[in-house]
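To keep things clear, I will list the structure first and then write my remarks on it.
As the structure lists them, so they are numbered: ligands from 1, and atoms in each ligand from 1. Because the structure is a prediction, the values reported are computed rather than measured.
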Amino acid sequence: MRLLVTGGAGFIGSNFVHQTVRERPEVQVTVLDALTYAGDEASLAPVADAVTLVQGDVADAELVDRLVADADVVVHFAAESHNDNSLTDPWPFVQTNVVGTYTLLEAVRRHGVRFHHISTDEVYGDLELDDPAKFTPETPYNPSSPYSSTKAASDLLVRAWVRSFGVQATISNCSNNYGPYQHVEKFIPRQITNVVDGVRPKLYGTGENVRDWIHVEDHNSAVWTIIERGRIGETYLIGADGEQNNKAVVELILELTGQPRDAYDLVSDRPGHDLRYAIDSSRLRTELGWEPRYPSFRDGLAATIEWYRANEAWWRPQKDATEAAYAKLGR
Ligand code: NAD
Ligand code: TDX
């Protein structure tokens with residue numbers, strides 16, 4: 001199989017490439033990545049000999065056409081991915097997430113190539129804290145931020161290209177990922193690296209917002225399950241029943257790093273901050289037989305803390321600029 005992975009130098013994409021090289025050595029992997037601030041060639045260093053990296057934009061129609069023509073399957077991770085950035089400057093989100101996905105869809109349509117689209121649970125909006133409900137594939141789309149609205153738009157393009165043009169595509173909407181190679185702008189790596197730097201973790205608002213955490217390896221094993229056994233045109237929700245409020249996550253990071261559990265600060269809230277996400281992944285489990293392999297958030301978080309401690313050279317170059325951007329927002 002010739003596999004084209006867009007966004008393969010980012011957090012989830014690079015972990016996907018590592019897992020693929022490790023577990024499916026017969027797959028030929030090409031990565032298309034613009035190497036934005038969020039993409040890092042170093043994330044692919046351990047598999048550099050097994051992978052072809054092409055630096056380029058998913059909205060570059062000529063380049064995309066050439067790469068898709070040489071692929072059997074495209075897995076589309078590339079995106080602008082950070083909600084806070086989308087509130088400061090939404091345009092790159094529209095360009096990459098909407099125009100980029102459109103460009104890929106036109107190429108897979110021309111060449112009859114199988115397409116898997118990586119999306120997020122944020123397309124469904126949010127749930128109340130005391131609501132027992134979870135998102136299902138039937139939940140109406142109701143995105144809150146520029147980021148999640150561009151992801152919702154890209155999902156709808158995929159659905160339309162399946163129905164109107166018979167494109168062979170599947171979609172997955174996953175909950176919050178954690179694990180190695182995640183940019184220090186994101187919640188968990190930001191707090192781990194703050195603690196390493198002797199800075200108190202920062203919780204938005206009251207810290208009561210809930211996210212449904214899944215280890216990145218589990219997200220990626222689910223993606224492979226869908227590529228191999230998913231029904232064309234179907235949407236699969238990926239989650240591992242990992243609901244935690246942000247305060248509990250910070251308290252656990254502090255405990256695991258030997259700090260007092262209350263050594264954090266509350267800072268100003270994110271505008272439009274979604275309250276709670278929760279995924280019902282029963283379709284994926286019952287229809288396709290997928291199960292997470294990393295069910296313990298505590299163990300996964302402890303291993304992630306160890307990874308950031310051991311790989312300071314990977315994240316250190318990003319840390320100052322990231323914190324300077326947050327300082328401008330008062331967060
Ligand atoms: P990330 O920001 O770490 O990585 C994104 C990658 O895409 C980077 O390598 C970047 O260089 C590349 N990229 C950006 N614009 C590009 C362009 N125009 N052309 C080519 N490459 C470009 O993001 P991530 O957290 O790894 O997320 C990957 C995908 O998973 C995204 O589609 C995101 O919406 C989705 N997702 C993320 C999470 C999560 O918790 N992080 C959860 C669910 C879904
Ligand atoms: O310093 C912080 N303090 C804080 O309390 C940061 C950076 C975040 N937060 C809160 C905001 C959220 O409630 O932590 C939670 C997680 O924040 P992010 O890491 O920014 O993730 P989120 O906004 O939930 O979106 C993530 O999951 C869904 C990914 O970034 C998206 O790409 C994915 O689609």
Side-chain angles (χ1 to χ4, degrees), residues 5-16 31-41 43-44 53-60 63-64 75-87 92-93 95-97 99-101 103-104 117-123 126 143-145 147-148 150-151 154-155 172-179 181-191 194 201-214 216 219-220 223 238-239 244-247 249-250 264-270 272-277 279 322-323 326 329 331:
V5 182
T6 75
F11 163 45
I12 306 174
S14 65
N15 278 283
F16 180 80
V31 168
L32 170 60
D33 197 297
L35 299 178
T36 68
Y37 81 96
D40 190 344
E41 203 171 344
S43 304
L44 292 171
L53 171 62
V54 177
Q55 182 172 1
D57 191 330
V58 286
D60 177 342
L63 174 64
V64 163
V75 189
H76 177 34
F77 289 95
E80 287 291 338
S81 70
H82 193 36
N83 276 300
D84 289 324
N85 294 344
S86 82
L87 296 162
F93 290 74
Q95 171 64 21
T96 289
N97 301 0
V99 180
T101 302
T103 306
L104 283 157
H117 180 62
I118 303 292
S119 192
T120 169
D121 58 1
E122 296 192 20
V123 299
D126 60 355
S144 311
S145 73
Y147 163 67
S148 53
T150 58
K151 291 300 291 187
S154 67
D155 293 11
S172 54
N173 298 81
C174 188
S175 60
N176 283 61
N177 286 220
Y178 71 98
Y181 297 106
Q182 186 169 29
H183 194 282
V184 290
E185 70 189 353
K186 301 296 192 323
F187 177 53
I188 287 179
R190 184 182 186 205
Q191 312 313 337
N194 276 353
K202 296 181 195 313
L203 277 172
Y204 293 174
T206 59
E208 280 166 346
N209 303 60
V210 171
R211 295 295 181 264
D212 189 354
W213 293 99
I214 182 172
V216 64
H219 181 180
N220 286 329
V223 170
I238 305 174
Q244 301 275 345
N245 77 26
N246 293 337
K247 186 162 156 285
V249 173
V250 158
Y264 59 80
D265 291 326
L266 297 178
V267 296
S268 67
D269 209 352
R270 171 186 285 171
H273 195 176
D274 279 338
L275 272 179
R276 172 175 160 252
Y277 306 139
I279 284 277
T322 302
E323 289 306 319
Y326 277 124
L329 298 173
R331 295 205 281 274

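- In terms of protein heavy-atom proximity, atom 28 (C) of ligand 2 is nearest to E122 OE2, 2.9 Å.
- Checking side-chain atoms of S148 against main-chain N and O of P143 turns up no donor-acceptor pair under 3.5 Å.
- Inclusion of E80 in the set of residues having an N or O under 3.5 Å from an N or O of ligand 1 is not warranted.
- Interatomic distance, CD of Q182 versus OG of S43, reported as 11.5 Å (0.5 Å rounding).
- Close approach to Q191 involves these atoms of ligand 2, each under 4.0 Å from a residue heavy atom: 1 (O), 2 (C), 3 (N).
- Looking at R270, R190, K202, it is R270 that brings a heavy atom closest to atom 20 (O) of ligand 2.
- Taking all heavy atoms of F187, Y181, F77, Y178 into account, the minimum distance to atom 29 (C) of ligand 1 is reached by F77.
- If you look at K151 next to ligand 1, the close heavy atoms, those under 4.0 Å, all belong to the side chain.
- Interface of Y147 with ligand 2, defined as ligand atoms under 4.0 Å from a residue heavy atom, comprises 31 (C), 32 (O), 33 (C), 34 (O).
- The N/O atoms of D274, backbone and side chain alike, include none that comes under 3.5 Å of an N/O atom in ligand 2.
- In this structure, the side chain of N177 engages the main chain of S175 through a donor-acceptor pair within 3.5 Å.
- For ligand 1, the polar-atom distance check against T36 finds a nitrogen or oxygen pair separated by under 3.5 Å.
- Scanning the protein heavy atoms around atom 21 (O) of ligand 2, the nearest turns out to be N176 ND2, 3.6 Å.
- Near S81, meaning under 4.0 Å from one of its heavy atoms, ligand 2 places the atoms 30 (O), 31 (C), 32 (O).
- Only backbone heavy atoms of S175 (N, CA, C or O) come within less than 4.0 Å of ligand 1; its side chain stays farther off.
- Residue L203 has no N or O atom closer than 3.5 Å to an N or O atom of ligand 2.
- Considering backbone and side-chain N/O atoms, N176 never comes within less than 3.5 Å of an N/O atom of ligand 1.
- Taking only non-hydrogen atoms, the option from D33, V64, I12 nearest to atom 41 (N) of ligand 1 is I12.
- Shortest contact from atom 21 (N) of ligand 1 to any protein heavy atom: A34 N, 3.0 Å.
- By the 4.0 Å heavy-atom criterion, S119 is counted among the residues contacting ligand 1.
- Remark: ligand 2 atoms within the under-4.0 Å shell around heavy atoms of H273 are 11 (C), 12 (C), 13 (O).
- On a distance-only criterion, V58 and ligand 1 share at least one N/O pair closer than 3.5 Å.
- Counting only distance, with no hydrogens or angles, the side chain of D84 and the backbone of R270 share no donor-acceptor pair below 3.5 Å.
- Here the side chain of Y147 pairs no donor or acceptor atom with the backbone of N85 at under 3.5 angstrom.
- Nearest-residue assignment for atom 6 (C) of ligand 2 (options F11, Y178, Y204; heavy-atom criterion): Y204.
- Within the 4.0 Å heavy-atom criterion, neither part of A59 lies near ligand 1.
- Counting only distance, with no hydrogens or angles, the side chain of N97 and the backbone of E80 share a donor-acceptor pair below 3.5 Å.
- The residue from G7, S43, A79, G13 that puts a heavy atom closest to atom 14 (C) of ligand 1 is A79.
- Here the protein heavy atom with the shortest distance to atom 16 (C) of ligand 2 is F187 CB, 3.6 Å.
- The backbone N or O of S268 sits nowhere less than 3.5 Å from a side-chain atom of K202 that would complete a donor-acceptor pair.
- Among protein heavy atoms, the minimum distance from atom 34 (O) of ligand 1 is reached at Y147 OH, 2.6 Å.
- Regarding atom 10 (C) of ligand 2, its nearest protein heavy-atom neighbour is N246 ND2, 3.5 Å.
- With a 4.0 Å heavy-atom cut-off, ligand 1 is reached by no atom of Y277.
- Looking at N173 against ligand 1, nothing comes within 4.0 Å, counting heavy atoms.
- The minimum heavy-atom distance between H82 and F93, with the atom names listed, is O-CZ, 3.3 Å.
- Contacts between R211 and ligand 2, counted as non-hydrogen atom pairs separated by less than 4.0 Å, involve the side chain only.
- Nearest heavy-atom pair across A9 and L35 is CB-CD2, 3.6 Å.
- At least one N or O atom of F11, backbone or side chain, sits closer than 3.5 Å to an N or O atom of ligand 1.
- If you number the atoms of ligand 2 from 1 as listed, the ones under 4.0 Å from a heavy atom of H82 come out as 20 (O).
- Not one N or O of E185 is nearer than 3.5 Å to an N or O of ligand 1, by distance alone.
- On a distance-only criterion, G10 and ligand 1 share at least one N/O pair closer than 3.5 Å.
- Tested against Q191, the residues V250, V249, N246 include a single side-chain contact (heavy atoms from CB on, under 4.5 Å) partner, V250.
- With hydrogens and angles disregarded, no donor-acceptor distance shorter than 3.5 Å links the side chain of S119 to the backbone of S172.
- Geometrically, ligand 1 and D57 share a nitrogen or oxygen pair separated by less than 3.5 Å.
- Contacts between E185 and ligand 2 below 4.0 angstrom, taking non-hydrogen atoms only, involve the backbone exclusively.
- Distances from ligand 1 to the non-hydrogen atoms of T6 include no value under 4.0 Å.
- In this structure, G56 has a heavy atom closer than 4.0 Å to ligand 1.
- Of all the atoms in ligand 2, the ones that sit under 4.0 Å from a non-hydrogen atom of T120 are 28 (C), 33 (C), 34 (O).
- From the protein, the heavy atom lying nearest to atom 40 (O) of ligand 1 is N177 N, 2.9 Å.
- Using a 4.0 Å cutoff on heavy atoms, Y37 does not count as a contact of ligand 1.
- Nearest protein heavy-atom neighbour of atom 30 (O) of ligand 2: K186 CE, 3.1 Å.
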